[in-house]
There are 2 protein chains.
Amino acid sequence: MASIIKTVKQIFMLFVLQCTKSNFALATIIESALEMCHSYSMNLKELAKHLNLSPTTVSRALNGYPEVGAETKRRVGAEAQRLGYQPNPHARRLATGRSHAIGHVFPTDRTLMIDPLFSDFVAGAAEIYAAHGFEVMLHAGGSEDEISVYRRYAQGGAVDGVVVLGPRVNDPRIAVLNKLKLPFIVHGRLDEHDDNYAWLDIDNRGAFQKATKLLTDLGHNRIGIINGLEDMTFALHRKQGYEYALRDKGISIDPMITSSGLMTEENGYRQTKRILQIANRPTALLLSSMLLVSGAMRAINEMGLHIGKDISVIAHDDGLPFLNAEGLVPSLTTTRSSIRAAGSRVAELLLNIITDADAEKPHELWSVDLIVRGSTGSVRV
Amino acid sequence: MASIIKTVKQIFMLFVLQCTKSNFALATIIESALEMCHSYSMNLKELAKHLNLSPTTVSRALNGYPEVGAETKRRVGAEAQRLGYQPNPHARRLATGRSHAIGHVFPTDRTLMIDPLFSDFVAGAAEIYAAHGFEVMLHAGGSEDEISVYRRYAQGGAVDGVVVLGPRVNDPRIAVLNKLKLPFIVHGRLDEHDDNYAWLDIDNRGAFQKATKLLTDLGHNRIGIINGLEDMTFALHRKQGYEYALRDKGISIDPMITSSGLMTEENGYRQTKRILQIANRPTALLLSSMLLVSGAMRAINEMGLHIGKDISVIAHDDGLPFLNAEGLVPSLTTTRSSIRAAGSRVAELLLNIITDADAEKPHELWSVDLIVRGSTGSVRV
DNA sequence: ATTGCGTCTCAAAGCGCTTTGGAAAAAACC
DNA sequence: GGTTTTTTCCAAAGCGCTTTGAGACGCAAT
């Protein structure tokens, strides 16, 4: 049945081609009818026949190989365009062994997936992929664990590479991916000087060190921090920066005014409240995400304190479009780095790795701007 | 060169197989060596040879066709498992014409992509896809417009179906997809009684009607609304519900206390401030998203008003995990519907459509709970 | 012994593309 | 003019799977 339909379509197709060739009056009408002939997709062989060329030549012409003459190339290109020919992606993948797709895997049992940072990162990456004719494949949760997904990806060449998100301390994924020889890049990194895998990271340590230093310079010596989950390397690095800056000034670290957990409005509120209720309460607060801010501000307001006066606040701003640090009152001092831009750059680097099989593995460390606004002030005496 | 490596691998592979067959002492060691032989992926033919069966039989056994005996099936399954055989996805797709992938396209020039609702929706959907062995393909921005992406998808069968997100008034996508015969489902819908395409929507109209009614019943007759972009159907429907409920009580609609725009913290703040500064200011406020809430609360606090007393607030809560309406102070009255659950259900429905080619197109309207909490109170006199 | 019917298995033909290894025609050299 | 080189093209062989159509076998019915 299906094949009958197909045959009919082919005949019809040939008819239309004849018409358009001979500038037949009905051509226009029929061409629009062709449009309706919904998803008829001509294949390479047909296109070749229509052009009186072999499939080989047509394929080469379309893929820009040098073995085919310029004029032929042009002719083929124009006709392919006119007839809306699209090579079948699966056939191409099978033949070339390259999938032109990048995999992104998110564990759903963790915070990461539900983290809105994700969508912004992927938005940035996806634009680059799209520009290079790559697709992005997503995998979330399900029964399969992240590592077996990678294994599966590597096996059949389902994707040409993957990006690893939200690296954790001692993250097992890196070793596996290296073993699988699946090109990958990590957004973030495990240790400062890792060089056996590609990564792009922001200088979390430096950022929080700078932020802490700003506060100590303003006279603060009781500084609280509300951080992300402590097995995430970004959170660890931020904490290190914080501790480093404190030690530098001879200020001791008080775990009571430290917190690590989910970056939600609610947690921002709770932890802020907890920390500010401590007898010797901090005069400044570092927040690891803008997502914590409104909760923290709520807690601060409730306690009758004023941001920038009674308590200084610095938050890390990933540039989420729905949370503007500058628009707050008072405007927020932040360490800022666009996660979307990071997504784009990560995509670029990964595509490079994929094309230049054995090029040097890139390591890119982005410094983070400390933008001083109204939420930080010298400590009140 | 590559082919030499491959040959070596195959020989090695055969060696390992022999060892494991004969329970050779070295088997364990070698098996682990095999593990290291990174991404060696055996193919169907090899597996068949190793089993002394034809590729046909093995393929059928693995895909559960009835033509192959139970015992053979078991044997094949066990051996495939043991050797970690995975059919090459591209070959399979080419042969079957089905891609086992679902497409999701996001325009990046609009708000939608950067909307964190997206990640939650996709998280829900992706789990279902994963459970059914489907991949999710994402496309964002780039130069290609959304409709040509669909066209491309339809052509080569790159995906088996797509989900349309954030439908707009007079959305052109639906007509195109219908013409392309590409299975699809819309999250949301254009008009109340649309039945020429599959959709799942929440009862936005009913939700905001209920919410508005709650407020009028509490004596409010000046009710403001801060809505999403007005060409999004969800926003339109919510507005209709709002207007309907007001008309029902004979309350006139004042465009001055109405707003539609991006759902960001900042816009929440601005619009709330604007609306509350109007001479005859509203005593209640409807917010179309939790993302607007903290901005709105900020504006309200700044003006020295108290939520639930001076002004009642109801927000729509999509169940974003980082924004908890119940944890706020006062806890927020909301119209609530989990966008993540919607994602899951949309995925299920789409998979049904794909398998049951010409089954009835599903239309599912989810009623929305109105959860009354502390942010609504009777109007002060 | 022949036929009929299940059950189990296989060889071979695709799916639509790329790519290898020439071959024919055109151009350039001696 | 004959030989080499370059240009331009092609036939055919895969890529790894599914699927069609049919063969081989055992067993009951004729």
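Here is the naming used below: chain letters follow the sequence lines, and residue numbers restart at 1 for every chain.
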Length of the CG-P vector between A/Leu44 and D/dC15, whole Å: 19 Å
B/Leu51 CG to C/dC8 P, in whole Å, measures 17 Å
Presence of B/Ser59 side-chain N/O under 4.0 Å of D/dT18 phosphate oxygens OP1/OP2: yes
Using a 4.0 Å heavy-atom cut-off across all strands, classify B/Thr56 as base, sugar-phosphate, or nothing. base
Given the rule in the side chain to side chain donor-acceptor pair (under 3.5 Å) test, do A/Ser59 and A/Thr56 qualify, once you have shown the distances and angles that lead to the verdict? CA-CA 5 Å; A/Ser59 167; A/Thr56 312; over 6 Å; no
Heavy atoms from C-beta onward define the side chain here; which of C/dG16, D/dC10, D/dT18 lies closest to that of A/Arg60? D/dC10
Here the distance between atom C1' of C/dC15 and atom CZ of B/Arg98, to the nearest Å, is 15 Å
Choosing from C/dT9, C/dG16, C/dT18, which nucleotide comes nearest the side chain of A/Thr96? C/dT18
Of the listed D/dC10, C/dG16, D/dT8, the closest approach to the A/Asn43 side chain comes from C/dG16
Using a cut-off of less than 4.0 Å, is there contact between a side-chain N or O of B/Tyr85 and OP1 or OP2 of D/dC17? yes
Whole angstrom is fine here: how far is it from CG in B/Asn88 over to C1' in C/dC15? 13 Å
Rounded to the Å, how far apart are B/Glu71 CD and C/dT7 C1'? 15 Å
Check every atom of D/dC10, C/dT18, C/dC15 against the side chain of A/Leu53 and return the nucleotide holding the closest atom. D/dC10
Count the heavy atoms belonging to other residues, nucleotides or ligands that lie under 6.0 Å from NE2 of B/His100, then report whether that count exceeds 12. yes
Measure from NE2 on A/His90 to C1' on C/dG14 and round the result to the nearest Å. 17 Å
Using atom CG of B/Asn63 as one end and atom P of D/dC17 as the other, report the distance to the nearest whole Å. 11 Å
Would you call the rings of B/Phe184 and B/Tyr197 parallel, tilted or perpendicular, where under 30° means parallel and over 60° means perpendicular? parallel
When rounded to whole Å, the CD to P distance for the pair A/Gln86 and C/dC15 reads 20 Å
Taking OP1 and OP2 of D/dC9, is either one under 4.0 Å from a side-chain nitrogen or oxygen of A/Thr57? no
On DNA chain C, more 5' by nearest nucleotide between A/Lys45 and B/Val58 is B/Val58
Okay, side chain of A/Arg173, backbone of A/Leu165: is any donor-acceptor separation there less than 3.5 Å? yes
Does a side-chain N or O from A/Tyr65 land closer than 4.0 Å to OP1 or OP2 of C/dT19, or not? yes
Heavy-atom nearest nucleotide on DNA chain D for B/Glu67 versus B/Leu94: which residue maps closer to 5'? B/Leu94
Give me the ring orientation class for A/Phe118 and B/Phe118: parallel if the planes are under 30° apart, tilted from 30 to 60°, perpendicular past 60°. parallel
